[in-house]
*Asks:* 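Here it is: the structure, laid out below.
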Amino acid sequence: MKSYLLALDQGTSSSRSIVFDMQGQLCAIAQQELPQIYPRPGWVEHDPQLIWQTQLATAQRALQQAGVSASQVRAVGITNQRETAVLWERASGKPLHHAIVWQDRRAEPACARLREGGHEALVQQKTGLIVDAYFSATKLQWLLENIPGARARAERGELAFGTIDSWLIWNLTRGAAHVTDVSNASRTMLFDIRRNTWDEELLALLDIPPALLPQVLPSASAFGHIHPDWLGAALPICGVAGDQQAALFGQACFRDGMAKNTYGTGCFMLMHTGEHFQLSHNGLLTTSAAQTDAARRFALEGSVFVGGAVVQWLRDGLGAISSSDQVQHLAETVPDSAGVRFVPAFTGLGAPYWQPQARGTITGITRGTSIAHIARAALESIAYQSAALLNAMDRDAQAAGAAPVTELRVDGGASVNDLLMQFQADLLGIPVLRPKEVETTALGAAWLAGLGAGLYAGADELSSLWQAQRRFYPTMARERAQELMQEWEHAVRQATAA
Ligand SMILES: Nc1ncnc2c1ncn2[C@@H]1O[C@H](COP(=O)(O)OP(=O)(O)O)[C@@H](O)[C@H]1O
Ligand SMILES: O=P(O)(O)OC[C@H](O)CO
């Protein structure tokens with residue numbers, strides 16, 4: 001009887017489930033959209049019950065489509081949108097409120113208070129994060145302050161908090177397990193990533209009752225068994241990681257200096273730093289990488305707010321293309337962007353610039369500029385922003401006496417674009433590798449589950465399963481690439497001043 005792994009991938013816009021065989025080949029995939037709730041400007045919520053229902057439904061469909069029975073599934077892995085906060089009642093399993101999504105900005109005043117109180121250094125030293133409403137802590141604080149009676153009930157131990165992995169595991173196990181993994185815990189701003197434990201000082205500072213918190217386990221562990229009612233057998237959950245750390249794992253980036261970039265709506269770049277906890281001096285976050293045992297593993301992370309979304313804007317805002325895949329063809333009708341620079345700072349600029357006030361700019365327009373130049377500049381902006389992240393990582397690596405990144409592994413919706421990938425390699429001066437299996441996030445969760453269940457010997461076996469579909473080698477002279485980066489940085493300064 002052939003064995004399989006099931007990965008549950010709960011993302012911001014959809015819930016997906018994927019069945020892999022033990023070689024990491026994708027056998028079936030099922031997906032369901034998740035409605036976004038925008039109660040006020042800057043607020044983003046999800047219905048936790050819909051998260052659970054869509055996730056379960058896709059898991060059932062994926063198994064059906066693969067023609068795989070539950071008894072053939074050896075282990076289940078979970079990966080998820082990170083930071084999103086859910087608060088529920090332990091007795092009934094009912095959420096007290098919609099989930100507050102990572103993009104939600106309502107906790108900004110609480111973060112401003114933390115900054116004014118001079119707590120930034122403490123937070124960064126312990127959690128590796130900057131003080132920002134992005135992370136779970138101040139979202140949970142908001143829930144406790146705004147739901148009548150919640151704080152008293154939390155102190156009495158009646159309530160549970162979790163990121164989406166915890167919420168799913170609670171439901172999958174019918175309330176038997178209240179757990180999370182280190183990579184998800186590291187995004188809460190309540191977790192000391194060097195000691196691998198919830199931090200009493202931060203909990204006290206934010207007035208969070210410890211009774212709310214899940215138990216934290218390594219990313220490959222025994223998280224619990226799925227109740228047989230859901231998928232037909234008591235399947236073990238053996239792998240859990242936040243989606244970006246899962247993608248780093250699924251790209252087989254297991255060693256110091258190995259890096260991946262995911263080109264989705266935004267871009268997320270992570271570089272493994274091994275066992276070294278290292279704070280960035282260049283605007284990056286330090287985070288826990290997926291940990292397969294009790295040993296600490298860290299990564300540096302940077303995110304670009306507008307990546308593939310700039311292509312969506314060309315399509316929906318400008319009407320320049322009718323589908324995203326037409327952008328490459330349009331951009332290829334001109335040899336270069338002819339001096340046009342597009343800084344898509346629609347919602348400010350993320351790492352490494354951290355310029356919330358910046359706004360989008362298109363500069364260098366002449367009478368000869370066509371929509372094709374703008375499309376090319378838009379695509380190039382994704383590569384420039386990513387190159388700025390990688391340069392920041394290299395500077396941090398150099399400061400720590402480590403080697404620079406020697407290749408970049410890529411995934412995500414926009415990584416199918418060959419023009420973009422070639423330009424990325426040209427700017428970086430290192431090869432860009434696109435894997436055969438582009439579902440790296442789900443694959444990472446499946447591999448963690450396989451390791452947790454003792455089905456793989458170790459990371460070396462997984463490394464040998466990872467295969468490149470295409471390698472993009474740099475062809476541009478380094479001087480030219482450096483000149484282009486300088487022009488880009490100039491354009492960023494203009495967008496910041498705009
Ligand atoms: N051929 C393409 N070239 C450039 N960008 C693309 C292409 N196809 C899709 N995209 C972009 O990729 C993004 C979707 O990628 P995906 O990984 O599904 O994102 P997410 O996980 O953030 O929803 C969209 O922003 C879309 O504009
Ligand atoms: O669901 P995604 O792919 O948009 O990922 C969200 C990230 O985990 C947010 O930190």
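Bear in mind the structure is a predicted one, so any value in this text is a computation, not a measurement. Atoms within a ligand are numbered from 1 in the order they appear, just like the ligands themselves.
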*Asks:* Check this for me - ligand 2, W102, N or O atoms closer than 3.5 angstrom, yes or no?
*Replies:* no
*Asks:* List the residues meeting side-chain contact (heavy atoms from CB on, under 4.5 Å) with P48, not counting sequence neighbours, and say none if there are none.
*Replies:* V86, P95, H98, A99, W167
*Asks:* If the plane angle is over 60° it's perpendicular, under 30° parallel, otherwise tilted; pick one for F191 and W198.
*Replies:* perpendicular
*Asks:* Taking everything shown except R255 itself, do over 12 heavy atoms lie less than 6.0 Å from its CZ?
*Replies:* no
*Asks:* If you apply the rule ring pair (Phe, Tyr, Trp, His ring centres under 6.0 Å), what do you find for F249 with F254, and how did you get there?
*Replies:* CA-CA 7 Å; F249 201 82; F254 303 135; 4.8 Å; yes
*Asks:* Below 4.0 Å from any atom of ligand 1, which residues have a heavy atom? Give them in chain and number order, please.
*Replies:* S13, G264, T265, G308, A309, V311, Q312, S324, D325, V327, G412, G413, A414, V416, N417
*Asks:* For atom 3 (O) of ligand 2, which candidate among N80, D243, T79 provides the closest heavy atom?
*Replies:* D243
*Asks:* Does K260 use its side chain to pair, donor to acceptor, with the backbone of F268 at less than 3.5 Å?
*Replies:* yes
*Asks:* May I ask you to list the atoms of ligand 2 that are less than 4.0 angstrom from any heavy atom of G11?
*Replies:* 1 (O)
*Asks:* Can you sort out which atoms of ligand 2 are near E83, meaning under 4.0 Å from one of its heavy atoms?
*Replies:* 9 (C), 10 (O)
*Asks:* Does any N or O in the side chain of W230 come within less than 3.5 Å of the main-chain N or O of N171, such that one atom is a donor and the other an acceptor?
*Replies:* yes
*Asks:* Can you list the atoms of ligand 2 that are under 4.0 Å from a heavy atom of Y134?
*Replies:* 9 (C), 10 (O)
*Asks:* Do any N/O atoms on T12 end up under 3.5 angstrom from N/O atoms on ligand 2?
*Replies:* yes
*Asks:* Taking the inter-plane angle between the rings of F346 and W313 on a 0 to 90° scale, is it parallel (under 30°), tilted (30 to 60°) or perpendicular (over 60°)?
*Replies:* tilted
*Asks:* Is the closest N or O pair between R82 and ligand 2 shorter than 3.5 Å?
*Replies:* yes
*Asks:* Does this structure show an ion pair linking R409 with E407, if we count only N-O contacts that are shorter than 4.0 Å?
*Replies:* yes
*Asks:* Does G11 offer a backbone N or O that forms a donor-acceptor pair with the side chain of R16 under 3.5 Å?
*Replies:* no
